[in-house]
**Student:** 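Dropping the structure in here first, questions after.
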There are 2 protein chains.
Amino acid sequence: MSQSDTLTPLIVDLAKREKKHQVVCEACALYRLCLPLGLHRDDLVVLDQLVKRRQSYKRKQDLFTTNDTFSALYVVRSGSFKTTISTSNGREQVTGFYFPGEFIGLDAIHMPSYQSNAIALESSSVCALPFDNLQQVGERLPRLQIQLLTRLSRELAGDKSFMLLLGKKTAEEKLATYLISLSKRFQDRGFSAQDFRLTMSRNDIANHLGLAVETISRVLTKFQGLGLVVINGKDISLKDITKMEALCG
Amino acid sequence: MSQSDTLTPLIVDLAKREKKHQVVCEACALYRLCLPLGLHRDDLVVLDQLVKRRQSYKRKQDLFTTNDTFSALYVVRSGSFKTTISTSNGREQVTGFYFPGEFIGLDAIHMPSYQSNAIALESSSVCALPFDNLQQVGERLPRLQIQLLTRLSRELAGDKSFMLLLGKKTAEEKLATYLISLSKRFQDRGFSAQDFRLTMSRNDIANHLGLAVETISRVLTKFQGLGLVVINGKDISLKDITKMEALCG
DNA sequence: CGCGCGTTTGACATGACTCAAATGCTGTGG
DNA sequence: CCACAGCATTTGAGTCATGTCAAACGCGCG
């Protein structure tokens with residue numbers, strides 16, 4: 001079966017999407033970071049058909065909640081999200097933060113329901129990749145599957161080194177590591193590695209790093225005292241990234 | 001291209017393997033737990049051709065080390081392994097334990113090199129899945145790719161809830177959670193959920209849970225005092241799994 | 001059988017937590 | 001546009017869970 005059989009209706013569809021400002025993958029600002037990377041042009045057309053674009057969420061709104069039936073993976077398009085899980089008695093752990101181009105929901109693949117809660121930290125939007133289709137389409141697009149494998153593997157590796165942070169690092173090392181990690185991620189996304197905005201609350205940071213809010217506050221003021229950072233509310237400026245990296249342990 | 005083109009030489013090859021006691025996947029005791037699950041019979045023949053069986057390792061021997069070039073995924077066939085990563089200044093974190101049927105190396109997919117160290121805890125053996133081939137073959141066997149996605153996703157979900165343990169649980173809750181988790185894994189593998197052997201040292205357990213060895217010792221004796229467990233060196237017997245689950249927090 | 005490592009037990013130290021209170025910021029309604 | 005309410009952040013003081021250090025014990029391997 002040739003792919004061009006299905007091509008004509010698709011092009012019409014894509015045109016419709018353009019009208020609704022639903023930028024096709026190829027034209028998306030995240031193109032370089034997102035799923036399509038490594039896909040052929042024909043593959044992209046198929047992917048474009050699959051993606052549900054521009055779902056918007058405002059601050060504190062749930063993208064999904066534990067036990068919601070698993071239906072789609074999400075790619076952050078703008079803004080940021082946090083994911084959390086909880087103990088039976090209600091203690092909560094922030095398991096990750098997600099920025100544009102990053103995937104949310106990878107830990108629920110082939111589970112009946114999501115394994116965590118995903119909450120917007122600010123006004124944000126995502127592309128949804130309905131997983132049923134993704135799987136069918138994936139069988140025709142091996143490169144798509146490989147992209148998924150790569151993403152999963154990368155997040156897994158990240159979580160392993162986060163275990164090292166949680167298990168073996170001091171409060172200062174944790175915060176330094178966290179700031180450096182954010183800095184790198186923003187840099188990868190084409191933003192400043194030095195100046196950025198902490199869209200999550202101090203509470204979220206503390207929770208994520210396994211610390212108390214007060215400790216975050218104290219360490220941040222200490223870092224500021226050392227001239228390592230300048231802090232202005234949610235805005236932070238890393239004044240000596242090299243020295244900060246040395247503090248990561 | 002029909003698959004039977006390649007079938008005849010394969011059958012000869014499989015016969016050779018049988019002679020060398022290299023049990024084909026279909027006849028393997030781990031069949032139910034391992035990769036082949038969900039594959040069709042024809043697929044299995046292809047997979048069998050790919051797998052390098054019966055690589056043996058003795059206690060403390062490395063399966064791979066950080067920065068070794070990534071070449072294969074491994075499935076534990078017998079025995080057990082731990083994986084570790086380290087800070088630049090030499091502190092080490094045990095990131096996981098692996099038992100028969102479980103995959104090692106998933107965090108290195110599409111990386112140039114392994115991201116961790118994998119070390120045998122006892123005399124153990126693995127099946128190696130060379131990844132170059134796996135990828136090629138995967139393009140012809142979507143079900144294999146899906147198995148891989150599922151495995152990765154499951155390990156990711158496990159690591160997320162391990163973050164909850166490291167970040168938010170007390171020493172007692174950590175150890176209780178750990179013991180229950182082992183119990184479940186052994187049960188899944190057809191072994192007793194009550195009596196099993198801790199193949200890893202107290203040090204490894206402590207390290208993994210973000211605690212000191214002494215703390216493990218103390219909590220274990222406390223659990224024994226409460227009649228929750230009976231401990232005999234590396235052998236442990238869970239005397240009240242329900243009560244232990246209640247301690248998991 | 002003995003050596004050495006792994007484990008247990010005890011005493012003490014401390015990093016980070018908890019509680020408390022002051023201060024600052026943000027979004028909302030009049 | 002301002003003022004206030006309510007939440008987030010900071011700072012300070014005291015406590016505690018778990019770590020560190022030290023020493024005895026015992027099991028398993030050669």
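Below, chain A is the first sequence line, B the second, and so on; all start at residue 1. A quick note: this is a predicted structure, and the numbers were derived from the prediction, not measured. Values below: all heavy atoms of this structure, side chains included; hydrogens, waters and symmetry mates excluded.
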**Student:** Measuring from the side chain of A/T170 (C-beta onward, heavy atoms only), which nucleotide among D/dA8, C/dC17, C/dA16 has the closest atom?
**Tutor:**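 Among D/dA8, C/dC17, C/dA16, the one nearest the side chain of A/T170 is C/dA16.
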**Student:** What's the CD-C1' distance between A/E172 and C/dG15, to the nearest Å?
**Tutor:**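 Distance check: A/E172 CD to C/dG15 C1' gives 11 Å.
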**Student:** Could you say whether A/A171 or B/E214 is positioned toward the 5' end of DNA chain C, judged by the nucleotide with the nearest heavy atom to each?
**Tutor:**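 It is B/E214, whose closest nucleotide lies nearer the 5' terminus.
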**Student:** Can you sort out the partners of A/Y57 under side-chain hydrogen bond (donor to acceptor under 3.5 Å, both in side chains), two or more places apart, ordered by chain and number?
**Tutor:**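 With neighbours one apart ignored, the set is A/Q55.
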**Student:** Within residues 197-207 of chain A, find the residues that approach DNA chain D with a heavy atom at under 4.0 Å, and present them sorted by residue number.
**Tutor:**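 Output list: A/S201, A/R202, A/N203.
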**Student:** Hydrogens and angles aside, do A/K160 and B/S116 bring a side-chain donor and acceptor to less than 3.5 Å of each other?
**Tutor:**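 A/K160 vs B/S116: no donor-acceptor pair found between side chains.
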**Student:** For A/S56 and A/K58, does a side-chain donor sit closer than 3.5 Å to a side-chain acceptor?
**Tutor:**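 No, A/K58 and A/S56 have no side-chain donor paired with an acceptor closer than 3.5 Å.
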**Student:** Using whole Å, what does the distance between atom P of nucleotide C/dT18 and atom CG of A/L211 come to?
**Tutor:**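 Atom CG in A/L211 sits about 11 Å away from atom P in C/dT18.
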**Student:** Do the side-chain N and O atoms of A/T87 and B/K168 include a donor-acceptor pair separated by under 3.5 angstrom?
**Tutor:**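 Per modelled atom types, A/T87 and B/K168 side chains form no pair under 3.5 Å.
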**Student:** Should the pair A/F97 and A/H208 be assigned to parallel (<30°), tilted (30 to 60°) or perpendicular (>60°) ring geometry?
**Tutor:**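 Ring orientation of A/F97 relative to A/H208: perpendicular.
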**Student:** Salt bridge between A/E102 and A/R189, side-chain N to carboxylate O under 4.0 Å?
**Tutor:**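 Looking at A/E102 and A/R189, the cut-off is met.
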**Student:** From the options D/dA8, C/dG10, C/dA16, select the nucleotide whose nearest atom is closest to the side chain of B/R218.
**Tutor:**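 Selected nucleotide: C/dG10.
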